[in-house]
Protein chains: 2
Amino acid sequence: MTTPARPAPTIIDVARAAGVSKSLVSLAIRGDAGVSDATRTRILEVADELGYHSNALARGLARGRTQMVGLLVSDLANPYFADVVHGIEEDADATGLGTIIGHGRGSAEVLARRLDEILDLGVDGVIVISAMLDGGTLDRAAARRPVVMVGRPFAPPRRVSVVRNHDEHGAEAAVSHLISLGHRRIAHLASSRRAAATARRDSFERTMRAAGLAPHVIDAGDDGVARLLDRVGAPDGPTACFAGNDRIATAVLSDALDRGLGVPTDLSVVGYDNAEAGRLVRPALTTVEQPREAMGREAMRLLRARIDGDREVAEITLEPRLVVRGSTGPAA
Amino acid sequence: MTTPARPAPTIIDVARAAGVSKSLVSLAIRGDAGVSDATRTRILEVADELGYHSNALARGLARGRTQMVGLLVSDLANPYFADVVHGIEEDADATGLGTIIGHGRGSAEVLARRLDEILDLGVDGVIVISAMLDGGTLDRAAARRPVVMVGRPFAPPRRVSVVRNHDEHGAEAAVSHLISLGHRRIAHLASSRRAAATARRDSFERTMRAAGLAPHVIDAGDDGVARLLDRVGAPDGPTACFAGNDRIATAVLSDALDRGLGVPTDLSVVGYDNAEAGRLVRPALTTVEQPREAMGREAMRLLRARIDGDREVAEITLEPRLVVRGSTGPAA
DNA sequence: CTGAAAGCGCTTACAG
DNA sequence: CTGAAAGCGCTTACAG
């Protein structure tokens, strides 16, 4: 029916209606001391009646600060992001900062574009929850505003603070758990070539060798799950599998059950991430949990410090923990 | 090391460096005709060298348009949103609009706050992917900018366009499927008291009665799943269950298996939403799929029309479809 | 405690 | 094809 035709009331309309100058309205609305209580109350009432909303564009332009931070995520569907964002927003809410989210839809190119758009919008800082962006892109962003990354870059760009989990410790915990259950032929399904995946893989190999066992690594892409399952039950086949993330681990679980293999009787399975799906499947998934909300909170702390003028670039590594459920059991 | 100390170059810096007036720079950057190719090229080169970025705040303030739309979601972790957002962004990308996402974290109050923040930021329109917001809040937003809602409100606010799926048809398809498999004692686990849930429940009851069967409805909250499973196997106990959404359906599945019940031998289960988890669990979940990406695209189409001055408020209902998997089978 | 003035970085008619 | 000027809605010293 109606379009938002009527132009939005401005500070001038409020000033006129309240019979004061526009600077006074500005002060009153921002809660500045030095405006009498009576006047402030009256001005706020008038503003409310008129349906006045402060124009954030004009405010940001005049102040050079928007009190907004941008959150860049590469993939909304991945629940990992939801938890990190939760941690970030808890801190942001408590410190009076607004958050807007930009979404890369799984593409580094789209993500970089969103990053630019959000910087153009004048946010006071940015948290990139993704390891997708290359160093150059991150560094160019960091030249404009403070940038914190949650995740694990290959080489931390000079001007970007990083919050990540200790992938080596997480992988070690997963593999040690399997070894302590008596498994000796353990395969690793590597998730990707990114830094976190590489660290988990390296740690898998080190932990196996330290126990005097031969590490066996399979690339998860290109039918890796099928190739793994083909060998289960063979004389020298694996009795356990450490998957690079929960998505792969749940695929192993589903496909194993579809083949009539028992989990954990024929194959023990460990994932990484503690995704929600791992709690729903049966047997429920043993996995490594990153402290996602804590990572978000730390990232926001670092960003606030940078926004407030701290020049220090930091790197924070948080400890993951093993969550044991039904998908792992004693070796046959 | 370095802070983003150096103030960002403006159109004036570019003008000076290129030896032209600042209005000319503005025209050249926006690709206005009426600037010679040679001049435009030179100006763009200079802008690039200087690392110039157009200030979206200033641009938006001057033009009254930001070419940005706001997307409000109540819960990032729910994959339903990711697909709707995907559809929206496909259209937005193709039509040159940017998108920023505001996140309600499961709270109507937080969501309403984000909605305000994003409107203050001067977006050209808003898509609310949630049925959480009350009519008053939506209507107040619609008084400021065009608003489209994806989901099902109880009473569509006068000024808000709506895109939703046909819950009645979806529920009917689910129940008819069970009836055609020979089930006669079918229970419905109602998910909430919201409009979509109510529509599914009503349709369940109508479909059952039309088939001469007695509808049995259980509130999913408050241990509803346990109360349902307690009765499975009893002489007059249910042999099938239509859950109001996939989250509930997968809980039924997990809990049934934990109790040693067979699915679908002892109990057939149907969900609603086609969430990813339903594909991962075993048996995989039979469910009703909403055309989520299409709903997003339609919402964006409606919003663009409104932004371009169309005053028509529309309501679009898309058809869901049944996805049959392993969790449903013939009645014993 | 209050008001007039300049400025944030851009766009947009309007003259040349 | 190019330049000077006003204005978008706010904030911020600066005088009173």
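Lettering follows sequence order; numbering is per chain, from 1.
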Can you list everything that forms a salt bridge (Lys or Arg N to Asp or Glu O under 4.0 Å) with [X]? Sequence neighbours excluded, please.
{"X": "B:Arg304", "value": "B:Asp91"}
{"X": "B:Asp120", "value": "B:Arg144"}
{"X": "B:Glu315", "value": "B:Arg164"}
{"X": "B:Asp134", "value": "none"}

Between [X] ([atom1]) and [N] ([atom2]), how many Å, whole number?
{"X": "A:His53", "N": "D:dG9", "atom1": "NE2", "atom2": "P", "result": "15 Å"}
{"X": "B:Asn55", "N": "C:dG7", "atom1": "CG", "atom2": "P", "result": "18 Å"}
{"X": "B:Arg40", "N": "D:dC1", "atom1": "CZ", "atom2": "P", "result": "9 Å"}
{"X": "B:Arg65", "N": "D:dG9", "atom1": "CZ", "atom2": "C1'", "result": "19 Å"}
{"X": "B:Arg16", "N": "D:dG3", "atom1": "CZ", "atom2": "P", "result": "15 Å"}
{"X": "A:Leu24", "N": "D:dC10", "atom1": "CG", "atom2": "P", "result": "15 Å"}
{"X": "B:Asp120", "N": "D:dC8", "atom1": "CG", "atom2": "P", "result": "19 Å"}
{"X": "A:Leu121", "N": "C:dG9", "atom1": "CG", "atom2": "C1'", "result": "14 Å"}

Atom of [X], atom of [Y] and distance for their closest heavy-atom approach:
{"X": "A:Tyr52", "Y": "A:Thr10", "result": "CE1-C, 3.6 Å"}
{"X": "A:Gly70", "Y": "A:Ile118", "result": "CA-CG2, 3.9 Å"}
{"X": "B:Ala141", "Y": "B:Leu115", "result": "CB-CD2, 3.8 Å"}

Dot-bracket for DNA chain C, 5' to 3', Watson-Crick and G-U pairs with both distances under 3.5 Å, [ ] for crossing pairs, | for partner on another strand, reads |||.||||||||.|||

Any luck finding a side-chain donor-acceptor pair between B:Arg40 and B:Ser36 under 3.5 Å?
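The answer is no; no qualifying pair exists.
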
Exercise: do A:Arg59 and A:Thr66 side chains pair donor with acceptor under 3.5 Å:
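Per modelled atom types, A:Arg59 and A:Thr66 side chains form no pair under 3.5 Å.
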
Any side-chain N or O of A:Thr10 below 4.0 angstrom from OP1/OP2 of D:dG9?
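Looking at the OP1 and OP2 atoms of D:dG9, neither is under 4.0 Å from any side-chain N or O of A:Thr10.
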
Could you check B:Leu61 against B:Thr39 and say which one's nearest nucleotide on DNA chain D is further toward the 5' end?
B:Thr39

Base contacts versus sugar-phosphate-only contacts with protein, heavy atoms under 4.0 Å: please encode nucleotides 11-16 of chain C as B, S and - from 5' to 3'.
BB----

